[in-house]
Amino acid sequence: MNLQPELLPQDRGFHPDLSLGGPLLWIRELRLLRTFSPGDANVVRRIPLRPGVNILWAHPMARGGGNNVGGVSGHASGKTTFCRFLRHLLGEPNFGSDEQRARLRHNFPEGWLVGEVRLAKEPWLVCRPFKVGAHPFVIQGEVIESLFETLSPKLPIKEYFDTLNRLLTESLPIATFATSPTPIEWPHLLQWLSRDQECRFAGIADLRHPNSDSESPEMNVEDRHALFRAVLRLIDPTEQTELEKNKALLVTRQRVEKQAPLFKFRGEAALLRLRSKLPNFGVDYGAEDFLEAIGREFAAQSEALGTMQREMPEPESLRIARETYFEAETEKRIHLQRRNEVAKRVQFIEEQIGRRHGQAAPSGGAISTECGCGQPIAAALEWKCPLAQGRDLSIAVPSDADSKSTVEFLGKTLQAEKAVLLAIEKELTGQESVLIKAREAVVEQTQLFDRQRGKLARQSAEFDSLVEQASQAADDTTAARELEESLTDLDQQIRRSQTFQTAIRERQSAALSTFSGIFSRVIQTILGTDIQGSIRFHGRQIRPTLVHGIDLTSAALETLKIICFDLAALISGMEGSSLHPRFLIHDGPREADMDVELYQRLFLLVAKLEESFQGNPPNFQYVVTTTEPPPASMQSAPWLIEPVLDASNAIGKLLGEDF
């Protein structure tokens, strides 16, 4: 049954703030282009919109109809696709699921989505391609009619997103969410202003469904309610500060609750180990006195042992072993020097004998008795010529060097020198054995001395370990006690913070009362004056309720509460009591068991919103899609979007074909 406006229950009316001007955000027109080129042949669909109510009506397919096209869109007309296109124009990354986007790109490989979006009265042309790889862009300050004639520069789409953020979220009373330092930005708010159809209006905080593949930023339930309250001015900036403080206190308390038992266990375990190691020490002492006594007693003993270790004199046996080794080493050095001297004399004599027998010198030249300075070697040695060094000759050479007696003399001398050299070699062998034994004695005595000092060092280290264990056990015990004591203080701080938050929320009672009154007006306009609507706080969450003696609940009424909550938020912005951007999209909001009469009252409600402007342009834009016929009075311009979609044939669908 189609309802007429006069059948609505008497309401208290709506009071728009005309000083606000037009909507802060609204979409003037959406175009789907086959290619990004001028000409009507390239326009797949042109959909103009207006401030106020915009209804996209789609005739449902008749039951038993023959149109049985496969795929998601085979039995649909494109209402949700239309809403996803609007969301895409407003910055949402995707315009459908992966499968839907793939089919759309297959049918329109060069397609573009173009729209004129008004931000604070300024037009922005938003151009986004269907295909992957092409770059989106925006044109600031131009209307869609001049799309292909304008000389204005094409700007990166980021500048448009930055403007959306600045215009629609910077004025909010809080900048970040309560549960994280994430900044509140336009993509968060867009989720509320355009709920997923897949969520079925099942819960006030159900905004995005995983099946929609929207890639919108995630928010937990607390964050979504914080967003609602910020937009509706139901949150105080001081509450955000207190929320963050309370969160930090809770995190600290959780950490303390975990650490206190750990420190306590570690301290008690260390105490038991020390009692076991020192069964006869401090038997009558309590835990703290016992640990303190260990630190005091064994630290003193360790220091005394360290002093003993540093001042321990070397034993006489080590001193004697070192002296014996030094003497043996000196004696060996003397023998080596004597051997070298005798070996030089033997070499010289052999050279002289070889010369007298006509043999060449070992160097290949004649054996010479002259020095390099041209004087006889004997004279050079007497005058200490530097060229004669190493040619020392301690034997007397007869003046008749060529005589037989000289050769005999040299031979006897050579034998004598060789005998001396052999004796020295034997003495060196014995001396080397003495030196080895002396070195072994030094090593043995040094190791014995080091073992004596090491015993003191190990005992000192054991005492140091006991001191360290006692100190750590005392620190752990103290830390556990301080942490346990801090829990009481933390609990008091948390309670004070929660009390302060409650006081802050009570200060918001006036704003809450205003919004609750708007919600109640919406509810009574639809359900009648005997039903009371109200907005309550449940902790930090908003809870819309319907009361008729008792709280009313059902699937259809839950859906109705969510729709009315969104409309009340829109109206609060329209009347100037909130920061709502006065833009809203509802995609097929009727629940299956919602009474048709109630559903049509929703349309008549938004029509009355327009009437409240008394001929002035509405300062809001509400876009709603439906398969249920709107009231007869609204099945035409200016409310109805042309054309009415028809799912029974391809040409009647949003894109004029199945995809």
Side-chain angles (χ1 to χ4, degrees), residues 21-56 78-79 81-93 95-96 104 108 110-131 134-164 167-168 186 190 193-194 581-585 617-625 637-645 654-656:
L24 196 58
L25 159 71
W26 67 285
I27 300 173
R28 179 172 172 262
E29 186 171 321
L30 174 147
R31 290 186 188 181
L32 305 170
L33 303 181
R34 196 172 300 276
T35 63
F36 194 78
S37 303
D40 291 341
N42 291 312
V43 179
V44 178
R45 184 74 73 189
R46 178 186 289 110
I47 303 177
L49 301 170
R50 58 187 278 274
V53 184
N54 299 263
I55 304 170
L56 181 66
K79 304 187 313 301
T81 300
F82 168 70
C83 293
R84 291 301 300 268
F85 282 161
L86 296 182
R87 285 156 53 174
H88 195 48
L89 284 178
L90 295 175
E92 193 163 272
F95 50 84
L104 187 63
F108 302 94
E110 300 297 325
W112 280 74
L113 176 67
V114 177
E116 180 185 330
V117 180
R118 295 293 180 97
L119 300 178
K121 299 182 180 180
E122 182 178 27
W124 288 74
L125 292 182
V126 184
C127 306
R128 308 199 70 168
F130 288 165
K131 67 178 181 180
H135 296 291
F137 63 90
V138 296
I139 302 175
Q140 185 177 1
E142 295 288 350
V143 295
I144 200 166
E145 289 80 6
S146 63
L147 174 63
F148 294 107
E149 289 81 22
T150 180
L151 298 178
S152 298
K154 296 178 180 179
L155 304 176
I157 200 167
K158 182 180 181 300
E159 294 196 19
Y160 166 65
F161 294 158
D162 290 344
T163 302
L164 283 166
L167 182 65
L168 302 174
W186 166 246
L190 178 59
L193 305 181
S194 57
R582 310 189 298 280
F583 174 84
L584 183 63
I585 299 174
N619 67 8
F620 70 93
Q621 185 176 59
Y622 178 51
V623 180
V624 59
T625 69
W639 301 284
L640 204 62
I641 297 174
E642 293 292 342
V644 175
L645 302 182
L654 179 68
L655 300 180

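Computed from a predicted model, the values in this text were never measured in an experiment. When a residue number appears, it is its place in the shown sequence, counting from 1. What you see below is based on every heavy atom in this structure, not just the backbone, and it leaves out hydrogens, waters and symmetry mates.
Nearest approach of Pro23 to Gln621, heavy atoms of both residues: CG-N, 4.2 Å. Shown here for Ser152 and Ile139, the closest heavy-atom pair between the two residues is CB-CG2, 3.7 Å. The two residues Val138 and Pro156 come nearest to each other via the heavy atoms CG2-O, 3.7 Å. Residue Pro93 comes nearest to Arg128 through the heavy atom pair O-NH2, 4.4 Å, listed as atom of the first residue, atom of the second, then distance.
A donor-acceptor pair shorter than 3.5 Å can be found between the side chains of Gln140 and Glu122.
Residues Thr163 and Glu159 form no side-chain contact, since every pair of their non-hydrogen atoms from C-beta on lies 4.5 Å or further apart. Contact of the Val114 side chain with the Val126 side chain is not registered, since no non-hydrogen atoms from C-beta on lie closer than 4.5 Å. Counting heavy atoms from C-beta outward, Leu90 and Leu25 have side chains that approach closer than 4.5 Å. For the pair Leu645 and Leu56, the minimum side-chain heavy-atom distance is below 4.5 Å.
A salt bridge links Lys131 with Glu110: the closest approach of a Lys/Arg side-chain nitrogen to an acidic carboxylate oxygen falls below 4.0 angstrom. For Arg50 and Glu29, the salt-bridge test fails: no basic side-chain N is under 4.0 Å from an acidic carboxylate O. At a threshold of 4.0 Å, the pair Arg84-Glu92 counts as salt-bridged, since one of the basic side-chain nitrogens sits closer than that to a carboxylate oxygen.
With sequence neighbours excluded, the residues forming a ring pair (Phe, Tyr, Trp, His ring centres under 6.0 Å) with Tyr160 are Trp124, listed by chain and number.
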Working note: Phe95 + Phe130, criterion ring pair (Phe, Tyr, Trp, His ring centres under 6.0 Å); need CA distance, chi angles, decisive distance, verdict.
CA-CA 9 Å; Phe95 50 84; Phe130 288 165; 5.4 Å; yes
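Side-chain rings of Phe36 and Phe137 approach one another, their centers coming within less than 6.0 Å.
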